[in-house]
Number of protein chains: 2
Amino acid sequence: MIYPMSRYDPSAFPPFAVTVDLVLLTVREHELCALLVRRGEPPFQGYWALPGGFVRPGEGLGEAASRELAEETGLRAHASPGQVMAGAHLEQLATYGHPQRDPRMRVVSVAHLALAPDLPTPKPGGDARGARWAPVSELLGPGRTDREPLAFDHELILADGVERARSKIEYSALATAFCPEEFTVGELRRVYEAVWGVVLDPRNFHRKVTGTPGFLVPSGGTTTRQGGRPAQLFKAGGATVLNPPMLRPES
Amino acid sequence: MIYPMSRYDPSAFPPFAVTVDLVLLTVREHELCALLVRRGEPPFQGYWALPGGFVRPGEGLGEAASRELAEETGLRAHASPGQVMAGAHLEQLATYGHPQRDPRMRVVSVAHLALAPDLPTPKPGGDARGARWAPVSELLGPGRTDREPLAFDHELILADGVERARSKIEYSALATAFCPEEFTVGELRRVYEAVWGVVLDPRNFHRKVTGTPGFLVPSGGTTTRQGGRPAQLFKAGGATVLNPPMLRPES
DNA sequence: GGTGTTTATCGTCAAAGAGACGACTATGAT
DNA sequence: ATCATAGTCGTCTCTTTGACGATAAACACC
């Protein structure tokens, strides 16, 4: 027995600060982008960072993430089991707790992943600090030694979030979270192309998504906003898992 | 600006206790089992609970989980990116932080998922408390209103861990973590059958796993420990993701 | 030794799905 | 009118799957 009798007494153990950080992704101009905010205080003052903040005393983790999301974007989302509401999807990503990840004290960050459609305001307001949508390729591209690093371990968190999003749109209907309420098959295809960084065959893609039951439901209208022949409009169907999955072309 | 200037000052925010809990799964006698320990102190004194404990001051989350695993089973594992070592796989599962999940104070638990081969000792020693392998079906089965509940929110954590394991053996080579270093195709098939709770066609399964490059590598020998015709022995190959995945029969 | 039982392994066949790509349609731009 | 742009429907082939027959090599029993 190498443990003190107080092993089960939480007050006997050193306190941690708990934060939530948000990997908020969207697709803008055919590129996968993440929301960054500029830090106004040390440490990492002036660095770009993922939006986030401390979990409040009476607040659950998902609640805190949902609140942060609303503060940054005005979007509403529920963090429960990957629920989509008011256009935003929010789910827990992973927790980062390296002892030295914050130089001031022991901080454990519960990162969340949020997927949102392209938002009307390029730089979401509601906060005096600077904020921007940064193309993920500029932040994580290999060999980009010249880029300015993100604060803390946020580059790692971002990479994990992007990887989660990339793999999750394979076997779930989550890609629709990047689209407005009504969208065309072509718009959905461009989401996949942007997130995966590939080009997909429009005909096979069309056959696949329209043939997967519950993925898309026709909403009746058509649109011509992409140019070319008018395209049928769809809404996200009730399906959450895709069986069989969308296949990411092997690179 | 609804935030205090101390928004970025961790010491200005209320402290949390941070624990790691372990969903440690194995396959025993064709059944998926989880390791439970009996609580010796309030709250939930006498209840069965997932093994776990507080994260120490200088310790990372994965480190803490790895230490707990070693304390409970003697197994070594590294939590880094799903690395398998000395027969055990360990990865972060999810974090649970409902404000009232521990009646004493605010505790955030970073749950980890561990997969191990059937261990020699039925009741792992190293700890004075009681411990047992409980079949998952007895803990989570639907409609079992008579079963004794687990401590805290551990039933939820266990359910999430089991679901993660079930889905992860579909598209990764993780099922081999349930097997000893050398194993036969039939033994691997029984792992899938136990975890998924289905029966699989031995011929199609054999074709599938031996045809997936990097999944299995022949180790040269054969064994007859299962009775019947001697079976070829394999070791886990280097592959971590299976493409195409194993398909769970639709129920 | 036979015979049955058990498990492993190979083969065959039909159905489903994926990738490649031709053809046609309906819009706007020039 | 012609062209460019996107969308949609089909066709063909190849791969993979699921169902299942057949054979092989051990052991248990008579």
Counting N and O atoms only, with roles assigned by atom type, does the side chain of [X] sit under 3.5 Å from a partner on the main chain of [Y], one being a donor and the other an acceptor?
| X | Y | result |
| --- | --- | --- |
| His154(A) | Leu50(A) | yes |
| Asp201(B) | Asn204(B) | yes |
| His30(A) | Arg28(A) | no |
| Thr73(A) | Leu69(A) | yes |
| Glu68(A) | Pro51(A) | no |

**Prompt:** Taking the nucleotide of DNA chain C with the closest heavy atom to each, which residue, Asn204(B) or Glu187(B), is nearer the 5' end?
**Reply:** Glu187(B)
**Request:** Check the side chains of Glu182(A) and Ser219(A) for a donor-acceptor pair under 3.5 angstrom, ignoring hydrogens and angles.
**Result:** yes
**Asked** Between Asp21(B) and Ser109(B), does any side-chain donor sit less than 3.5 Å from a side-chain acceptor?
**Response** yes
**Prompt:** Name the stems that DNA chain C belongs to, where each is three or more consecutive Watson-Crick or G-U pairs with both distances under 3.5 Å?
**Reply:**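 C:1-30 with D:1-30 - these are the stems of 3 or more pairs that involve DNA chain C.
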**Message:** So for Arg203(A) and dG22(C), does any side-chain atom that can act as donor or acceptor lie under 3.5 Å from a complementary atom in the base?
**Reply:** yes
Does [X] place a side-chain N or O at less than 4.0 Å from the phosphate oxygens OP1/OP2 of [N]?
| X | N | result |
| --- | --- | --- |
| His206(A) | dG7(D) | no |
| Lys208(A) | dA18(C) | yes |
| Arg207(A) | dT11(D) | no |
| Arg189(A) | dG7(D) | yes |

**Request:** Count the heavy atoms of every other residue, nucleotide or ligand shown that sit under 6.0 Å from CD of Glu181(A), and state whether that count exceeds 12.
**Result:**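 Incorrect, the count does not exceed 12.
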**Asked** Taking the side chain of Asp201(B) as heavy atoms from C-beta outward, which of dT8(D), dC20(D), dC21(C) is closest to it?
**Response** dC20(D)
Integer-rounded Å distance: [N] [atom2] and [X] [atom1]:
| X | N | atom1 | atom2 | value |
| --- | --- | --- | --- | --- |
| Leu242(B) | dT16(D) | CG | C1' | 15 Å |
| Arg225(A) | dG7(D) | CZ | P | 11 Å |
| Glu193(A) | dA6(D) | CD | C1' | 13 Å |
| Glu250(A) | dA20(C) | CD | P | 9 Å |
| Phe205(A) | dA6(D) | CZ | P | 16 Å |
| Phe234(B) | dA8(C) | CZ | C1' | 11 Å |
| Asn243(B) | dT15(D) | CG | P | 16 Å |
| Leu233(B) | dT9(C) | CG | C1' | 15 Å |

**Fill in**
5' to 3', nucleotides 24-30 of chain D under a 4.0 Å protein heavy-atom cut-off (B base, S sugar-phosphate only, - none) gives BBB----
**Prompt:** Hey, would you say the Phe205(B) and Tyr192(B) ring centroids sit under 6.0 Å apart?
**Reply:**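 They qualify: ring centres under 6.0 Å apart.
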Please tabulate, one pair per line, all N/O donor-acceptor pairs under 3.5 Å involving side-chain atoms of residues 158-166 of chain B, not counting sequence neighbours.
unit_1: Asp160(B); atom_1: OD2; unit_2: Tyr96(B); atom_2: OH; d: 2.5
unit_1: Arg164(B); atom_1: NH1; unit_2: Glu91(B); atom_2: OE2; d: 2.7
unit_1: Arg164(B); atom_1: NH1; unit_2: Gln92(B); atom_2: O; d: 3.3
unit_1: Arg164(B); atom_1: NH2; unit_2: Leu93(B); atom_2: O; d: 2.7
unit_1: Arg166(B); atom_1: NE; unit_2: Val195(B); atom_2: O; d: 2.8

